[in-house]
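Below you'll find the structure, written out as structure tokens, and then a few comments.
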Amino acid sequence: MKRVFAHIGFSFAITLIVLNLFSIKAALVILAITGAAFAVSFALKKTRQVISAALCMFSAFLACAVFITTYYGTFLPCEKLNETTAYSEFYIVDLEQETSSGYSYTVKTVSVDKEGAPQNIRLHVKSKTRINADYYQLIKGELKFRLVAENGFNSYGAFGEKVFLTSNLNSYSTIDKTIKSPNKYILEIRQSIKGLVEDAIGGDSGSIVLALLTGDKTDVSSSVKSNFRDSGASHIMAVSGLHLAVLSGSVYWFLKKTRTPKIPRIFISLAAVLFYMALSGFSKSITRAGIMMIILLAAKLFNEKSDSLNSLGIAVFIICFNPYAVTDAGALLTVTAVLGLAVINPQIRKLYQPKTKIFRYIYEVLTVSVSVFITTLPVLYLTFGYVSLLGIFLNIVMIPVAQFTLIVAFLMVIFQWFTPFLRVFAFWAKLGASAMLFITEHCAKLPFSVKDISNPVFGIVIASVFILFGIAFIFSGKKLLKQCTALSVAIAIVILAVSYALNFNCVYIRVRLRFIRKTHCQRDFVLWRGSARLGGVSGVDFNVLGNPAELVRKLKMNADIAVFVNLDMVYQLNQNFAGQLFDVLIFCKSYQRGMLLVNAV
């Protein structure tokens, strides 16, 4: 059987996604069902011959076991600390982040002075003042704990980092003792690079360079993030395979040119990959890319050819040993993107073979962009509710500019002690970053840059297509694949056509919420993705309702919103409502106030 690890990894991850959507009781039921299905697949002769189906059932069963064990062994003990106050000894394990209300730290506890409390846990600590302590230096302080969220998807990536609790620091004192860890030196290097970039470049250009080098986006302004997102270039700032390929490829190329023997060349490249993974904080995207790169280099060592789908399956399986990793949008995007590169891109590239180098490059970038767009579409629908079509074409320019900027930024770090070289490389790095800022700023203003896909119809189409292709993948048959392709295209056309006919002259609304709790602690930016309902009907005819204030007044949403509307804050809109923005003041249960940004599309 080919691609065993692909079946294991993807079945494992898909099961975890389902489990994170339901309660622990549902997980126990699914555990029993998958266990029984796996047993039946071996008991019956016909099903025993379909090895892939049995393997997928076993992976699903194992995923259930990992999820349930983590829930009872890690999450529930942390939940018991919710809304409690206790003294704790802890140390800082990541770079300090400055926020609007003070400072935020990622820490790990040594002890929590409370009966029955978990001792060695990772959490976020918020402080109004800077904590005057070194990395990995012990600190004793009074913490008020609060659960980050009730489930992984509502944690916005925190559960994926094994962070289940956040806390406010009431008081603290430092202890003259340091925990020994190699990561302490990595953090010092990251801090040194951050200081170098701020001094040599600074501003928005410096924040982009730092994001490219280490994945640290804390200094990137909200306007720059918005421009990159709306122009479809956010992946440039997320340290992943693109960045790792530039680094490891450059190291391998240099060693080959200097005639370094094969075995030392591979091991040095492996060391460079591991170092860069640590420098980037072992994010999900860089971990996935790093595992695949390690497998590729190991295959070279034994003169074997690595399989991209098997490598991705191994990476997914390893990452998913934290069962909440699948709730991280970044992890889902990086895995589905590589899936598109491995499965769809080769098929598209066969359709046409450009003869000139420039057209070959443009065609390859476009095929890569389209492939990634197709496979990441379900994640974009579920997590964000919109897509940027412009990014497909913008990659032709942005990728080479980002690669150039990354290379000269690496050289700037390497030659930082030689001032003339430092200034030259800093100049070129700033020029590259400035070019990316200029491009994204102007492209984000284009009216067609962002397309809303929050309408449930898109979800039905996407789900139908991917379910059919999933069936074809499990049972692996070219004839079945062609039939599924034809059927999925037909389903997509019919559903979209019916939807268009039923919703002609209607408008759908994308809503973004930012809540401020009663404690006046600002929470993370929340994107409420779903069909807004206008007067109880999903859509409104503007021939009947032409007053934007009335449109806002009739906006109805989830039951957790009690009363809202401040019509004085509504901006005057043109007759063409597409792309216009206006604000509404709302009041929510358990919240003092919140702000809605409503985008009519």
Side-chain angles (χ1 to χ4, degrees), residues 95 185-221 223-225 227-228 231 233 235-260 265 268-269 271-273 275-281 286 289 357-358 361 365 394-443:
L95 294 181
Y185 305 103
I186 296 294
L187 288 176
E188 291 174 351
I189 294 172
R190 290 178 66 187
Q191 189 66 50
S192 174
I193 292 174
K194 185 174 183 177
L196 172 67
V197 171
E198 287 176 349
D199 293 339
I201 301 176
D204 285 336
S205 297
S207 66
I208 293 297
V209 171
L210 186 64
L212 290 173
L213 281 171
T214 65
D216 184 359
K217 297 187 285 290
T218 54
D219 292 337
V220 180
S221 64
S223 60
V224 171
K225 288 180 180 178
N227 289 338
F228 269 76
S231 59
H235 61 282
I236 298 293
M237 288 194 295
V239 174
S240 59
L242 172 67
H243 308 72
L244 191 62
V246 170
L247 171 66
S248 59
S250 300
V251 171
Y252 194 86
W253 174 85
F254 176 77
L255 293 173
K256 192 173 182 179
K257 288 294 182 182
T258 55
R259 297 183 179 181
T260 305
R265 184 166 72 233
I268 293 172
S269 299
V273 169
F275 174 76
Y276 192 55
M277 289 171 67
L279 189 67
S280 304
I286 198 64
K357 287 185 177 180
I358 183 67
Y361 165 75
V365 173
L394 199 61
N395 283 332
I396 297 172
V397 178
M398 289 294 289
I399 289 178
V401 173
Q403 289 175 330
F404 169 78
T405 306
L406 184 59
I407 290 171
V408 293
F410 274 128
L411 293 173
M412 179 188 72
V413 173
I414 293 171
F415 293 101
Q416 60 180 293
W417 291 281
F418 190 51
T419 305
F421 281 9
L422 170 63
R423 290 178 179 175
V424 170
F425 292 131
F427 169 80
W428 287 109
K430 184 175 182 179
L431 185 66
S434 299
M436 288 189 284
L437 290 169
F438 177 83
I439 293 169
T440 54
E441 180 182 359
H442 286 79
C443 288

As an exercise, state the distance from OG1 of Thr214 to CD1 of Ile189, rounded to the nearest 0.5 Å.
12.0 Å
Find out whether Ser269 and Leu255 are in side-chain contact, i.e. whether some heavy atom of one side chain is under 4.5 Å from a heavy atom of the other.
yes
Spacing of Ile208 atom CD1 and Ile201 atom CD1 [to the nearest 0.5 Å]:
11.0 Å
Please work out which of the three classes, parallel, tilted or perpendicular, describes the rings of Phe425 and Phe421, given edges at 30° and 60°.
perpendicular
Return yes if some donor-acceptor pair links the side-chain N/O of Thr440 with the main-chain N/O of Leu437 below 3.5 Å, else return no.
yes
Between His243 (side chain only) and Ile236 (backbone N and O only), is there a donor and an acceptor less than 3.5 Å apart?
yes
Validation row: Val197, Asp219 side chains within 4.5 angstrom (heavy atoms)
no
Is any side-chain heavy atom of Ile186 closer than 4.5 Å to one of Phe275?
yes
At what distance, to the nearest 0.5 angstrom, does CD1 of Ile286 lie from CG of Leu244?
4.5 Å
So, taking the atom named CG in Leu95 and the one named CD in Glu188, what distance separates them when rounded to the nearest 0.5 Å?
11.0 Å
Which heavy atom in Met412 sits nearest to a heavy atom in Leu196, and how many Å separate them?
O-CD2, 4.2 Å
Using every non-hydrogen atom in the two residues, find where Leu213 and Leu279 come nearest and quote the distance to one decimal.
O-CD2, 4.5 Å
Side-chain heavy atoms of Val424 within contact of Phe415, under 4.5 Å
no
Can you name the closest pair of heavy atoms from Ala435 and Val401 and give their distance?
CB-CG1, 4.3 Å
Any heavy-atom pair between the side chains of Ile439 and Met398 that's under 4.5 Å?
yes
Could you pull out the closest heavy-atom pair between Ala272 and Leu247, with the gap in Å?
O-CD2, 3.9 Å
Around atom OH of Tyr361, are there more than 12 heavy atoms from other residues, nucleotides or ligands closer than 6.0 Å?
yes
Indicate the atoms forming the closest heavy-atom contact of Val408 with Thr405, along with that distance.
CG2-O, 3.2 Å
Distance, nearest 0.5 Å, that separates NZ of Lys430 from CG of Asp204
10.5 Å
Could you go through Phe228 and Val220, starting from their C-alpha distance and side-chain angles, then the distance that decides it, and tell me whether this counts as side-chain contact (heavy atoms from CB on, under 4.5 Å)?
CA-CA 11 Å; Phe228 269 76; Val220 180; over 6 Å; no
Measure across Leu212 and Leu406 and return the closest heavy-atom pair with its distance rounded to 0.1 Å.
O-CD1, 3.4 Å
Stepwise side-chain hydrogen bond (donor to acceptor under 3.5 Å, both in side chains) check, Ser205 with Ser434:
CA-CA 6 Å; Ser205 297; Ser434 299; 3.0 Å; yes
Checking the side chain of Ser280 only, and the main-chain atoms of Tyr276 only, is there a donor and an acceptor separated by less than 3.5 Å?
yes
Looking at OG1 of Thr419 and CD of Gln416, how far apart are the two atoms once the value is rounded to the nearest 0.5 Å?
10.5 Å
